[in-house]
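Here is the structure we will look at, set down as structure tokens.
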Amino acid sequence: LEVIYMKKIRFYIAMLAAKGTALILKLLGRNASYLPGKIALAIDKHFLGGLTQPKTVICVTGTNGKTTVSNLLNAILTANGYCVTNNSLGSNVQAGVATALIDDSTLSGHPKKEIAVLEVDERSSLLIYPYIKPDYLICNNIMRDSLARNAHTEFISYIINSAIPKTTKVVLNADDLVCATLAPQNAQRIYFGLDVDKTHEDSPLYLQDIVYCPECGHLLEADYIRYNHIGRLHCSKCSFQSPAPDFAITEINREKNTFTVQHGEITETYNLINDNIVNLYNFCGLIALLSDLGLSYDQISLGFMK
């Protein structure tokens, strides 16, 4: 009992110090997006574990596009009347996530808002997911990044796989085999992808981030490659292949500035606010997540208004 009591005291001291720091920074006109969380974690390294999570937690990770997806999710949910905690103005590492949650928590650590949309740096997974258990994790791609931080995709995947809870529903890019094979232990999976603009038929794997079949070790073959290792791959020696997307962009009309998403028997058309290939994956992924969350076509469309 004494140990539990001391943990609670440490948590409350950390919360008071963080809240006080945030107030001072805001009075000084500073963006309190990192320091309050850093102070809280310096006082109590298990601080995140003392917080009560919002009803729904959505985490966004991956090499490219996580800020875009996080901001769009926040904007669409907010436009539909949801109260959202979001770290879009600050850091996506442990202290930044802590700061966002502190800002929208009571002194006792209870959430003031019903949903949290948190952008999470891949390397911070081991520091965040043991405490914050996301209901959803969306990942658009896993690429080589800075040599000093994320030098290889297998290293990044290992970190995420080591941390993500088995109960999390993962929303993954079917056209990125590195991303699509994340969290193999997680049964709840949604795949998204593009079924248009297959411009590199029979292209070689010219950036070989995934070369060999993870099932049998044979050299993978490309049906087509869009860029890097993004495309559709299969193994000629076993049944392994890129998973079929549950949500797919099936048409891009650049004259009308629209794109069409197919999921099951449902076809939906949205305004095309940007036709960059990475953003097309961003859009399809967030539509998949929000649809599963229960938002209607009309509600999701608010994020694609011209």
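Predicted model only: the values in this text are computed from it and were never measured.
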*Looking at Ala174 and Ser242, what are the two nearest heavy atoms and their distance?*
O-CB, 3.7 Å
*Is the OH atom of Tyr158 crowded by more than 12 outside heavy atoms at less than 6.0 Å?*
no
*Do Ser124 and Asn92 have side-chain N/O donor and acceptor atoms under 3.5 Å apart?*
no
*Near Lys55 NZ, under 6.0 Å, is it more than 12 heavy atoms from other residues, nucleotides or ligands?*
no
*Flag yes if Tyr12 and Leu23 sit in one hydrophobic cluster, no otherwise; membership is Ile, Leu, Val, Met, Phe, Trp, Tyr, and two members link when side-chain heavy atoms are under 4.5 Å apart.*
no
*Shortest non-hydrogen separation from Gly193 to Asn173 and the atoms involved*: CA-OD1, 4.5 Å
*salt bridge (charged side-chain N to carboxylate O under 4.0 Å, His left out): pairs with one or both residues in residues 20-40, sequence neighbours excluded*: Lys26-Asp103
*Show your reasoning for whether side-chain contact (heavy atoms from CB on, under 4.5 Å) applies to Lys66 and Asn140.*
CA-CA 8 Å; Lys66 53 183 176 284; Asn140 281 355; over 6 Å; no
*Report yes or no: do Phe259 and Leu302 belong to one cluster of Ile/Leu/Val/Met/Phe/Trp/Tyr joined by side chain heavy-atom distances under 4.5 Å?*
no
_Steps toward side chain to side chain donor-acceptor pair (under 3.5 Å) verdict (Gln262, Thr250)_ = CA-CA 6 Å; Gln262 179 84 31; Thr250 56; 4.9 Å; no
_Nearest-0.5 Å distance that lies between atom CD1 in Ile164 and atom CG in Leu126_ = 11.0 Å
*asked:* Exactly one of Asn282, Asn279, Thr68 should register a side chain to side chain donor-acceptor pair (under 3.5 Å) with Asn274. Which one does?
replied: Asn279
_Residue pair Asn64 / Met143: nearest heavy atoms and the distance that separates them_ = ND2-CG, 3.8 Å
*For Thr167, enumerate each residue passing the side chain to side chain donor-acceptor pair (under 3.5 Å) test, keeping only those at least two apart in sequence or located in another chain.*
none
*Tell me, please, which residues at least two apart from Phe47 pass ring-ring contact (aromatic ring centres under 6.0 Å, His included).*
Phe11
*Scan Asp135, Asp292, Asn186 and name whichever one has a side chain to side chain donor-acceptor pair (under 3.5 Å) with Lys169.*
Asp292
